[in-house]
Amino acid sequence: MIWRNPLPPNSFPKLQVLAVDGCDELLTIFPSNMLITFQRLHRLFVGNCGSLQQVFEIMHEENETALPATAQLRELHIGELPKLKYIWKSDPKGIFSFKKICAITVCDCQSLKNVFPASIAKDLPKLGYLAISHSGVEEIVSKLEEGSDSETAVNFEFDQLYDLILWRLPELKCFYPGKHTARWPMLNKLEVVECGKMKILGTHLNTNNGQLDSPIHPPLFLVEKVIPKLQHLTLDSDYIAMISDGQFSSNPFHEIKVFEVHGHAAKSIYFRISFLERFYTLESLIVTYCEIKELFCSERDTGNEEMYAGRLSTIRNLKLVALNNLNNYLWKQDVQVDHILPKLETLEVHDCDNLICLGTSSASFQNLTTLDVWNCEAMKYFDTCLAVQGMAQLKKLRVRDCISMKEIVATEGGEATCDIIFSRLRSLELVNLPRLKSFCSGSHTFRFPCLQELIVSGCPELEIFCKGVLSNPPLLQKVVCGKDNGHWCSDLNNTIQEMYSIKAGFQAIEYLVLSEFSRSIEIWKENVHGSLDFKNLKVLEVYECNTMTCIFSVSMALDLVQLEDIKVKQCPMMEQIIKGAEETEMDILLLPKLLEIRLESCSRLTSFCMGSITLECPSLYKIAVKDCPKMYAMASTREQEDIEIVGREKTPFFNHKVLCAHLKYLKLSSTNIKKLWPDKPDRAISSNVLNLQYLFVKRCHNLEYLFPSFLVKNFERLYLLSLHNCENMEEIIFTDGLAAAAEAGIPQIYLFTKLYFLKLGRLPKLRTFCHQENSESNTLFNQKVAFPSLCCLRIVGMGKCRKIWHDKLTKDSFHELTILAVEQCDKLSNVLPFDMVERLEKLEGLEISECESVEEIIGLADDRGLNSNESIELKSTTKFLFPKIRQLILHKLPKLKGLYSKVHTTDWPLLKQLEVCECSKVETFAGEYINFRETQGENHSVISVQQPLFWVTKETFPNLEELVLVRNGNMKVWHGHGADPKQYCPKLRKFDCPET
């Protein structure tokens, strides 16, 4: 609890802002008897409280007669509350009013099913902003309590709501689950993305005063009810498909001026560009995060390309963001962009990683006035000289943060020289283009009669503006470089050359690329005494430098207060990134804003930092090391010649000389790491792992274990763990001296509270996740470890593993499992212990493949069972229920005989896909279940029968749609009377069985 209960009178009389963050034991913010005390509160922020279940506790008392109090709350912002069930525990009608709320945001609340009780939603006259995202919300407003008049429509009037945002609410079904009407007279901006279960538009379902008459998932808006002020609309692909299918005769979008198409996280977006023709007043089109290959070109159902030939005459602004599937160019050369977008004035292209250039034709941009290209990392040039000649109206050109850009205007092979006139260009901005060498390398003539502003910043390789004839811009008097007031030396070429000679491109530089034979690397090496200022440097990329042994000295690194990203690749002589050989009075090297470290293919690299100094990176969230076969530590005091000694000592990758308390992502591949963390407790080491969420380890063949036992409790936030191809790893948790550890108070159950995804692949020596005394050494998961949140488990190539699960597991472990894949585990005889099945109520996918010793899927409780073809005891029939499995795949199991060796039945109510391939010992796929006790009589205790893989009834596979049975030797499809499988699978639409 936050407050003493009860509080003294007149407590917190002037409190207007309250923020509650990181209180993991808290269950309630405001108990019911304290609402009056805090009714003057204006703004409330609640976040990162792992156990919080309710914000406002509302308790009704008998004989309530007082008038409801009005809270002064204006803003409510809640987020990252995984167990929050209620914002208002119950309907506060008659007790409290929240009518003064103006803004509400809800984010990352997976347990929250609704936002408002109906009485609050009906009385929000000042609500102007409502944003709900990344939550488990099923309805925005909960239905009126039982006893209310359910036949009367509820009226919602949001008279001031101007912005409604619904993002990534996969369970959202409707705004309100009953009959209702809603008014949105001031709604200006609507964003609905990945709310797949909710209909956004619908029509009247009856003629009873326009009230929705269906209680089942009514739509958010009625087509017939025009939203008069709606001008900005954002939709994803599902909603575009829903709207564009032609089912609505009226047009609800007649006032839309800005339309944003947002890609779907789970699938590529497809929509016909002709859909935009219904937006009669559309001025701005924004397309983001979509898998579009070419603008204005789509594939028909036949696979042939279809070019759009329509006309979108109202669009003036086009913004393209993160279209990473675009193939080199925005559109094909023969696309008549000037016809499709005849009034286009502004084009913005941001974060399109695979664009080589814009690739436009000379007629594409005849009316364009503003062109902005930003952060397109593969773009080598802006466009060709032929294309830019068509930009007669261009007034502003900005090219920023394109790290591969070498020139702005490219000359195609064999192209004749020409005069290029930017007749109206007033502003040209070239910023953070670390490889830019010139505006144009060809011999063309350039004229800029109206150019008034030229900004050049972070272009250290820019040596000359152009090599052809350059007409001096008459209105240009200076070139602005970074924070400098500007340079001018009689003409533009001389000015650029002068800037180059005085290293002006390095002033206030933010993005720097160092590569062999570049001018930048020469200047970097010359700057050992710090004559150049790199205090603004944010990104440093070093690649193919064949002579550098280190990048920074400690004194140089001390100045990098803005550095965010270091990437080093293919530098064969690099030994350390930071070398601290010189004497320094500093004990700590602080890189306060460093976010990412990426090191790749540096064959001699041994550590990131060498020397006695402590490296502190409080903002660092990602470390990725790949193909650095000698790297063994982040920080080391060893010189290169001491590597052999280091190899024998098993130095940890992290030690007390590295402080990175916010590290979230760690990926290590093909390194010389002997162990990741020290074997003894250390406060600095413990804090380094508290926020770690993603851990990937691959091809680190010297690792024998991953976690020391004392450290496991600190991995509170670990979400994903992937271990692959580590030849010498014997266990995941190192438990040497377990008895001593128990005496020291280290917990005997190692709990991975938030681990969601676990992959263990190609670990030939791994026998167990954690060693347990007096337990089978070849059981992967025993009672020592627990995974209460694990949803996806993949086990591949575990040659020593004889059992995956111990027969008696820790309570509440593996209950959340939804995906299980087991592959190439040759010592397994079965996959699931008998008692494990009941834990798998949420399992949706099960795949078992290439396990050469598996004879049955489910083992007996005592692990001593009869073979499927032996006599079967008739004392009882076991029934297995897999309530949520949708996909079951059994591939290449040469010894598999049955699902379970005793008489049993199984139910698979949601199973849609079933594949059995190359399971040659299975004699029969399925047979109709017969009650053997009834048919054979009570006196017969056993019966000789060959069990099929599945005993079936009409309830076994009610939703099976796809059945594949291939390459299974002499397996019979049906046991008994030759019944048609479709008789027991009423929804079967695909049956692949070549042997039948």
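One-based numbering along the sequence shown. Please read all numbers here as calculations on a predicted model, not as lab measurements.
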Is the backbone of [Y] close enough, under 3.5 Å, to the side chain of [X] for a donor and an acceptor to pair up by distance?
{"X": "Thr768", "Y": "Thr779", "result": "yes"}
{"X": "Ser515", "Y": "Glu544", "result": "no"}
{"X": "His701", "Y": "Glu727", "result": "yes"}
{"X": "Ser619", "Y": "Leu594", "result": "no"}
{"X": "Asn782", "Y": "Trp805", "result": "no"}
{"X": "Asn655", "Y": "Ala635", "result": "yes"}
{"X": "Glu80", "Y": "Val46", "result": "no"}
{"X": "Ser135", "Y": "Cys109", "result": "yes"}
{"X": "Ser553", "Y": "Met556", "result": "yes"}

May I ask you to check whether [X] and [Y] show a side-chain donor-acceptor distance below 3.5 Å?
{"X": "Lys538", "Y": "Asn536", "result": "no"}
{"X": "Arg699", "Y": "Asn725", "result": "no"}
{"X": "Tyr705", "Y": "Asn728", "result": "no"}
{"X": "Lys525", "Y": "Thr547", "result": "yes"}

Looking at side-chain heavy atoms only, is the closest gap between [X] and [Y] below 4.5 Å?
{"X": "Gln576", "Y": "Thr606", "value": "yes"}
{"X": "Thr614", "Y": "Leu589", "value": "no"}
{"X": "Pro629", "Y": "Asn672", "value": "no"}
{"X": "Leu540", "Y": "Asp565", "value": "no"}
{"X": "Val542", "Y": "Leu512", "value": "no"}
{"X": "Phe534", "Y": "Trp524", "value": "yes"}

### Message
Using the side chain to side chain contact (heavy atoms under 4.5 Å, CB included) definition, which of the options Phe757, Tyr621, Tyr719 pairs with Tyr694?
### Response
Tyr719
### Task
Check the pair Leu763, Val796 against side chain to side chain contact (heavy atoms under 4.5 Å, CB included), reporting the backbone distance first and the verdict last.
CA-CA 8 Å; Leu763 307 173; Val796 181; over 6 Å; no
Kindly say whether the aromatic ring centers of [X] and [Y] come within a distance under 6.0 Å.
{"X": "Trp677", "Y": "Phe715", "result": "yes"}
{"X": "His77", "Y": "Phe45", "result": "yes"}
{"X": "Phe781", "Y": "Phe814", "result": "yes"}

### Task
Begin with the C-alpha distance, continue with both residues' side-chain angles, and end with the deciding distance and a verdict on salt bridge (Lys or Arg N to Asp or Glu O under 4.0 Å) for Glu841 and Arg839.
CA-CA 6 Å; Glu841 292 183 348; Arg839 294 178 182 244; over 6 Å; no
### Message
As a quick check of understanding, evaluate salt bridge (Lys or Arg N to Asp or Glu O under 4.0 Å) for Glu730 and Lys765, giving each step before the final call.
### Response
CA-CA 5 Å; Glu730 297 180 1; Lys765 291 188 177 181; 5.1 Å; no
### Query
Stepwise, does the side chain to side chain contact (heavy atoms under 4.5 Å, CB included) test hold for Leu81 with Gln110?
CA-CA 8 Å; Leu81 306 174; Gln110 296 302 326; over 6 Å; no
### Message
Let's go through Gln53 and Lys83 carefully: what are the C-alpha distance in whole Å and the side-chain angles of both, what is the deciding distance for side-chain hydrogen bond (donor to acceptor under 3.5 Å, both in side chains) to 0.1 Å, and is it a yes or a no?
### Response
CA-CA 6 Å; Gln53 296 185 10; Lys83 294 186 179 181; over 6 Å; no
### Message
Asn48 and side chain to side chain donor-acceptor pair (under 3.5 Å): which single residue from Asp21, Asp24, Asp108 fits?
### Response
Asp21
Taking all non-hydrogen atoms of both residues, which atom of [X] and which atom of [Y] are closest, and how far apart?
{"X": "Cys545", "Y": "Glu516", "value": "CA-OE1, 3.2 Å"}
{"X": "Val785", "Y": "Cys770", "value": "CG1-CB, 3.8 Å"}
{"X": "Leu591", "Y": "Leu615", "value": "CD1-CD1, 4.0 Å"}
{"X": "Phe787", "Y": "Ser813", "value": "N-OG, 2.9 Å"}
{"X": "Cys825", "Y": "Ile795", "value": "SG-CG2, 3.8 Å"}
{"X": "Leu676", "Y": "Leu703", "value": "N-CD2, 4.1 Å"}

When rounded to the nearest 0.5 angstrom, what is the spacing between [atom1] in [X] and [atom2] in [Y]?
{"X": "Thr671", "Y": "Lys630", "atom1": "OG1", "atom2": "NZ", "result": "14.0 Å"}
{"X": "Thr810", "Y": "Leu751", "atom1": "OG1", "atom2": "CG", "result": "9.0 Å"}
{"X": "Glu575", "Y": "Thr549", "atom1": "CD", "atom2": "OG1", "result": "5.5 Å"}
{"X": "Leu558", "Y": "Ile578", "atom1": "CG", "atom2": "CD1", "result": "9.0 Å"}
{"X": "Tyr756", "Y": "Leu790", "atom1": "OH", "atom2": "CG", "result": "9.5 Å"}
{"X": "Lys622", "Y": "Cys660", "atom1": "NZ", "atom2": "SG", "result": "15.0 Å"}

### Test ring pair (Phe, Tyr, Trp, His ring centres under 6.0 Å) applied to Tyr665 and Phe696, step by step
CA-CA 8 Å; Tyr665 182 104; Phe696 302 84; 5.5 Å; yes
### Query
In terms of heavy-atom contacts, does CZ of Arg598 have more than 12 from other residues, nucleotides or ligands at under 6.0 Å?
yes
### Task
Assess whether side chain to side chain contact (heavy atoms under 4.5 Å, CB included) is satisfied between Leu27 and Ser51, documenting all intermediate values.
CA-CA 6 Å; Leu27 299 178; Ser51 301; 4.1 Å; yes
### Task
Considering only NZ, NE, NH1 and NH2 on the basic side and carboxylate oxygens on the acidic side, decide whether Lys567 and Glu541 come within less than 4.0 Å.
no
### Salt-bridge criterion met for Lys842 and Glu844 (N-O under 4.0 Å)
no
### Query
Which is it for Ser829 and Ser853 under the side chain to side chain contact (heavy atoms under 4.5 Å, CB included) test, yes or no, and what are the steps along the way?
CA-CA 5 Å; Ser829 59; Ser853 298; 5.6 Å; no
